[in-house]
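Read through the structure below, which is laid out as structure tokens, and then see the notes.
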Amino acid sequence: MSDIKKMTEDLKQNYDEIKLKVHLGSKEAQDEWTELQERWHHFESQANLKKSKEDLGDAFEILGAELKDAFGRIRKAL
């Protein structure tokens, strides 16, 4: 499995788990979730283009890392 596909699947699993819990979370977590959803949809659409890691470049990896960090912050807030 490619690194991009693995990262995308891991992030999707985190996204789905947090989505189910966020309605019970704090206002701060809900606000961050709203912002994160926009970024997630952008990330997901880029991943669905099936471009190679080289085509997506550093921006894709940075966005993935930012999403992972944001998922962690929201998970801690819940």
Side-chain angles (χ1 to χ4, degrees):
M1 181 181 300
S2 73
D3 291 340
I4 291 174
K5 186 174 181 180
K6 173 73 171 128
M7 179 176 57
T8 300
E9 287 176 2
D10 290 345
L11 289 170
K12 172 114 175 75
Q13 181 179 353
N14 280 311
Y15 177 88
D16 290 340
E17 290 172 3
I18 293 170
K19 183 178 178 182
L20 293 174
K21 295 179 182 179
V22 79
H23 71 278
L24 300 174
S26 68
K27 177 66 174 148
E28 181 179 315
Q30 290 174 359
D31 290 346
E32 187 165 1
W33 178 253
T34 299
E35 179 182 332
L36 183 61
Q37 281 183 304
E38 292 176 24
R39 295 174 71 195
W40 168 253
H41 293 300
H42 176 72
F43 176 87
E44 192 173 37
S45 69
Q46 293 298 312
N48 287 335
L49 293 176
K50 297 182 180 178
K51 291 184 178 179
S52 70
K53 185 176 182 179
E54 294 79 25
D55 291 340
L56 295 174
D58 292 336
F60 188 82
E61 290 182 24
I62 290 169
L63 180 56
E66 289 174 355
L67 287 168
K68 183 177 178 180
D69 291 343
F71 288 150
R73 286 192 305 273
I74 290 173
R75 189 179 305 279
K76 286 178 186 177
L78 297 172

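This structure is a prediction, so every number in the text was calculated from the model and none was measured. When a residue number appears, it is its place in the shown sequence, counting from 1.
Pairing each heavy atom of G64 with each of M7, the nearest pair is CA-SD, 4.1 Å. Contact detail for L67 and R39: the closest heavy-atom pair is CD2-CB, 4.1 Å.
Legend: residues meeting salt bridge (charged side-chain N to carboxylate O under 4.0 Å, His left out) with D69, ordered by chain and number and at least two apart, are absent. Residues satisfying the salt bridge (charged side-chain N to carboxylate O under 4.0 Å, His left out) test with K21, not counting sequence neighbours, are none. Under the side-chain hydrogen bond (donor to acceptor under 3.5 Å, both in side chains) criterion, Q13 pairs with E17, sequence neighbours left out.
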Exercise. Step by step, would you call K12 with D16 a side chain to side chain contact (heavy atoms under 4.5 Å, CB included)?
Worked result: CA-CA 6 Å; K12 172 114 175 75; D16 290 340; 3.1 Å; yes
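For the side chain to side chain donor-acceptor pair (under 3.5 Å) with K6, the lone residue among D10, D3, T8 that qualifies is D10.
Y15 is listed as a side-chain neighbour of H41, based on a closest heavy-atom distance under 4.5 Å. In this structure, E9 and K5 have side chains that are in contact, with non-hydrogen atoms separated by less than 4.5 Å. W40 has its side chain out of reach of W33: every pair of non-hydrogen atoms, C-beta onward, lies at least 4.5 Å apart. At least one side-chain heavy atom of F71 sits under 4.5 Å from a side-chain heavy atom of L36. Between R75 and I18 there is a side-chain heavy-atom pair separated by less than 4.5 Å.
Atom-to-atom distance recorded for L78:CG and Q30:CD is 9.0 Å, nearest 0.5 angstrom. Atom OG1 of T34 is separated from atom CD of E32 by 10.0 Å, given to the nearest 0.5 angstrom.
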